[in-house]
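Please read the structure below before turning to the comments.
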Amino acid sequence: MNLVLLGPPGAGKGTQAIRISKHLGIPHISTGDMFRRATAAKTEMGEKASQYMNRGELVPDEIVIGVVNERLQEGDCASGFLLDGFPRTIAQAEALEKALARGNKKLDQVLDIEVGEEELVRRLTGRRTCRSCGKIYHLVFDPPKAPTTCDVCSGDLVQREDDGEETVRNRLRVYQEQTYKLIDYYRKRDLLSVIDGKQEVETVFTDIEELLRV
Ligand code: AP5
Ligand code: MG
Ligand code: ZN
């Protein structure tokens, strides 16, 4: 299955992507994670991307499209993929459609996780992520046993650079202005399924399992 996960910052895309990817046996491709890894590795692309990310702005289309096209060529994407956080603009959606068509592929489904703004701010400002294994926690909704140590691998739990309240508000604004229109774009193509993301993590996943057209 070739899937896209859509939804505002903090909706739970990463949290659900881990479950969906395991359930369907397809790679989880998060552009945000790819940029953060490139930033940590201090590559030229990473340094450029982090300037936009730290302000809560979108990384320019030409950078993102190149990175995703390259990733989709890798062997593990042959039998499907789950894109998390891409596309985020109409130009990215069109580029994706073209790249897939070149390989005689197309998207099967787009899952849109919906959550209201104040809940998103609570989720993002309380998020902690393991520096070593990437596990996602929330200080209130899914707390680790010790506040700064990962339950699974004992790695350090850190707050993302872009999870301060001011940057979060900007990311939500950017989502409304540039990404929200993709909901209509995919609805018109009859690819969209909407999921109520305000429920508990496992309930959201059960809904997704039921909606997946497998
Ligand atoms: P990215 O990393 O994709 O961030 P985002 O879209 O802003 O989304 P998040 O990762 O913040 O949230 P999420 O939906 O994954 O939620 P999570 O599961 O972690 O992108 C970061 C930046 O990179 C962008 O701002 C941009 O600069 C750049 N970028 C990336 N892709 C790009 C693109 N295509 N084009 C241009 N630029 C791009 O959950 C959040 C919190 O809530 C966690 O603490 C979790 O534990 C908790 N939680 C999750 N589900 C629930 C639930 N059901 N109930 C209660 N708590 C929950
Ligand atoms: Mg994420
Ligand atoms: Zn860990």
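Each ligand, and each atom within it, is numbered from 1 in the order the structure gives.
- At the shortest separation from atom 44 (O) of ligand 1 among protein heavy atoms lies Tyr137 O, 2.7 Å.
- Look at Glu97 and Arg189 and you find a salt bridge, because one of the NZ, NE, NH1 or NH2 atoms lies within 4.0 Å of a carboxylate O, short of that distance.
- The shortest N or O to N or O distance between Glu200 and ligand 1 is not below 3.5 Å.
- Checked by atom type and distance alone, the side chain of Gln51 never pairs as donor or acceptor with a backbone atom of Val59 at under 3.5 Å.
- Of the protein's heavy atoms, Arg123 NH2, 3.3 Å lies nearest to atom 52 (C) of ligand 1.
- With the Zn ion (ligand 3) as the vertex, SG of Cys153 and SG of Cys133 span 120° to the nearest 10°.
- No N or O atom of Val204 sits closer than 3.5 Å to an N or O atom of ligand 1.
- Of the heavy atoms in Val64, only side-chain atoms (C-beta onward) come closer than 4.0 Å to ligand 1.
- Salt-bridge formation is not detected for the pair Asp33/Arg37: no Lys NZ or Arg NE/NH1/NH2 atom is positioned less than 4.0 Å from an Asp or Glu carboxylate oxygen.
- For Gly56, no nitrogen or oxygen atom sits less than 3.5 Å from a nitrogen or oxygen atom of ligand 1, counting backbone and side chain alike.
- In terms of N/O distances under 3.5 Å, ligand 1 is approached by Gly10.
- Between Gly56 and Arg171, the shortest heavy-atom contact is CA-CG, 3.5 Å.
- What sits closest to atom 49 (C) of ligand 1 on the protein, heavy atoms only, is Thr15 OG1, 3.5 Å.
- Remark: minimum distance from atom 4 (O) of ligand 1 to any protein heavy atom is reached at Arg160 NH2, 3.2 Å.
- Using a 4.0 Å cutoff on heavy atoms, Arg55 does not count as a contact of ligand 1.
- Residue-level proximity to ligand 1 for Ile113 is absent, since no heavy atom of it falls below 4.0 angstrom.
- Under 4.0 angstrom from ligand 1, there are no non-hydrogen atoms of Lys198.
- Ligand 1 is never approached by Gln16 to a heavy-atom distance shorter than 4.0 Å.
- Taking atom 26 (C) of ligand 1 as the reference point, the nearest protein heavy-atom neighbour is Glu57 O, 3.5 Å.
- A heavy-atom separation below 4.0 Å is found between Ala11 and ligand 1.
- The pair Arg122-Glu118 fails the salt-bridge criterion, with no side-chain N (NZ, NE, NH1 or NH2) lying under 4.0 Å from an Asp/Glu carboxylate O.
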